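Notes follow once the structure below has been shown.
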Amino acid sequence: MITRDGRFAYEAAGDPGAAPLIFLHGIGGAARAWRQQLATFGNRFRAIAWDMPGYGGSAPLPSVSITALADALQQFIAQIGATNPILVGHSIGGMIVQKWLVQSPKQARAVVLAQTSPAFGKADGDWQRSFIAARLGPLDRGETMKSLAPSLVKELVGDDPDPKGMELACECMANVPEASYRAMMLALIGFDQRNTLKDISVPTLLLSGSKDNNAPAPMMAKTATYIPAAEYVELAGVGHLANLERPDAFDKALGSFADSVAAKTRVTAQ
């Protein structure tokens, strides 16, 4: 599906009148990475997954930054008419959600920060430089997203990942436009929302994987202590792609949180 303004492609399932549940993928993802979640949650939510700007059928941004992506998210939410959504942001998707919360603190019903971080450190930090060089160096040397996809995905996952999920992860990674991948990697540099965690005023689930090297579980557990209404769930043996590696465990954790938020909302409304 495409939004009325033609800027955003997305996939959706469920009753258009149901409470919206919006999924935001990571740098190597796409809307279709969330297909199992759309199927799982479409029976009780209006489940929606966007193609981030520059991915799939979504138009690229003139200039990519986390702030520009958060603005794009706001425009997407307006285009699809999603009132009080629950937002599920994975990896850079979770960074976009954190930035969006600063400008729209009361607009979400709740948020899920899945395998993400409140900061990517300093623009001149050695770790950040080596991280970017490791990700972009092979492309500079003539590799393609398609040729790199299997090794990139393998590095991201934990123990015994679901084979179908891995196939889908490789397919998504292989189809990321190189320009978008490069732009998103560079947009990470200098991201830092640590000082706004205390201002997050909506129910928040932090979801980590015990084998995630990109968003390590101890860091995510610590992050949860700075957010007033935060719950923390760690999935054992899971790497960075929880919804594809262990979709049932991911859906169970998300479902428990989303249903409790929906129940509280109903009680408040009565």
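Not measured: the values here are computed from a predicted model.
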Nearest heavy-atom pair of [X] and [Y]: which atoms, and what distance?
X      : Y      : value
Ala108 : Val111 : CB-CG1, 4.1 Å
Tyr55  : Gly26  : CE2-O, 4.3 Å
Ser63  : Ala68  : O-CB, 3.6 Å
Ile48  : Ala12  : CG1-CB, 4.1 Å
Ala9   : Ser58  : N-OG, 2.9 Å
Arg129 : Asp126 : NH2-OD1, 2.6 Å

Side-chain H-bond candidate by donor/acceptor type, Asp248 with Gln36, under 3.5 Å:
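A donor-acceptor contact under 3.5 Å links the two side chains.
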Is any side-chain heavy atom of [X] less than 4.5 Å from a side-chain heavy atom of [Y]?
X      : Y      : answer
Thr204 : Glu231 : no
Leu113 : Leu207 : no
Gln107 : Ile77  : yes
Pro53  : Arg7   : no
Leu69  : Leu61  : yes
Arg44  : Asp259 : yes
Pro85  : Leu21  : no
Met184 : Val64  : yes

Taking side-chain contact (heavy atoms from CB on, under 4.5 Å) as the test, write out the residues that go with Glu11, two or more places apart.
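Partners of Glu11 by the side-chain contact (heavy atoms from CB on, under 4.5 Å) criterion, ordered by chain and then number, come out as Ala31, Arg32, Arg35, Leu38.
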Residues in side chain to side chain donor-acceptor pair (under 3.5 Å) with Asn195, at least two apart?
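So Asn195 forms no side chain to side chain donor-acceptor pair (under 3.5 Å) with any residue.
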With His25 via side chain to side chain donor-acceptor pair (under 3.5 Å) - residues at least two apart:
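Partners of His25 under the side chain to side chain donor-acceptor pair (under 3.5 Å) test: none.
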At what distance, to the nearest 0.5 angstrom, does [atom1] of [X] lie from [atom2] of [Y]?
X      : Y      : atom1 : atom2 : answer
Ile27  : Cys172 : CD1   : SG    : 14.0 Å
Ile200 : Leu101 : CD1   : CG    : 5.5 Å
Ser104 : Asp71  : OG    : CG    : 9.0 Å
Gln115 : Leu235 : CD    : CG    : 7.0 Å
Glu178 : Arg182 : CD    : CZ    : 4.5 Å
Thr223 : Gln98  : OG1   : CD    : 8.0 Å

Please check if Met1 and Ile80 belong to a single hydrophobic cluster, counting links between Ile, Leu, Val, Met, Phe, Trp and Tyr side chain heavy atoms closer than 4.5 Å.
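Per the 4.5 Å side-chain linkage, Met1 and Ile80 are co-clustered.
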Could you walk me through whether Phe120 and Ile92 satisfy the side-chain contact (heavy atoms from CB on, under 4.5 Å) test, starting with their C-alpha distance in whole Å, then the side-chain angles of each, then the deciding distance to 0.1 Å, before giving a yes or no?
CA-CA 10 Å; Phe120 194 75; Ile92 197 173; over 6 Å; no
Between Arg194 and Asp192, is there a side-chain N and carboxylate O pair less than 4.0 Å apart?
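The answer is yes: the pair qualifies as a salt bridge.
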Counting N and O atoms only, with roles assigned by atom type, does the side chain of [X] sit under 3.5 Å from a partner on the main chain of [Y], one being a donor and the other an acceptor?
X      : Y      : value
Arg246 : Asp251 : no
Gln79  : Asp5   : yes
Asn243 : Ala33  : yes
Ser210 : Gly237 : yes
Ser65  : Ala187 : no
Ser117 : Ala119 : yes
Glu245 : Leu241 : yes
Arg46  : Gly14  : no
Ser260 : Phe257 : yes

Taking OH in Tyr226 as the centre, count heavy atoms belonging to other residues, nucleotides or ligands within less than 6.0 Å. Is the count above 12?
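Count not over threshold, so no.
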For Gln74, I'd like to know if atom CD has over 12 heavy atoms of other residues, nucleotides or ligands within 6.0 Å.
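Enclosed.
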Using the rule given for side-chain contact (heavy atoms from CB on, under 4.5 Å), can you reason through Met52 versus Leu24, listing the C-alpha separation, both sets of side-chain angles and the distance that settles it, and then say yes or no?
CA-CA 7 Å; Met52 188 160 53; Leu24 296 95; over 6 Å; no
Which residue in the set Met220, His240, Met219 passes side-chain contact (heavy atoms from CB on, under 4.5 Å) when paired with Ser208?
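Checked Met220, His240, Met219 against Ser208; only one passes side-chain contact (heavy atoms from CB on, under 4.5 Å): Met220.
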May I have the step-by-step check of side-chain contact (heavy atoms from CB on, under 4.5 Å) for Val238 and Asp212, ending in yes or no?
CA-CA 7 Å; Val238 174; Asp212 188 346; over 6 Å; no
Would Val233 and Leu206 count as a side-chain contact (heavy atoms from CB on, under 4.5 Å) here? Give the steps.
CA-CA 6 Å; Val233 174; Leu206 283 91; over 6 Å; no
I need the single residue from Tyr10, Phe41, Phe23 that forms a ring pair (Phe, Tyr, Trp, His ring centres under 6.0 Å) with Trp34. Which is it?
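Of all the options given, the one that passes is Phe23.
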Show the numbers, then the answer: is there a side chain to side chain donor-acceptor pair (under 3.5 Å) between Gln193 and Thr196?
CA-CA 5 Å; Gln193 290 301 134; Thr196 61; 2.9 Å; yes
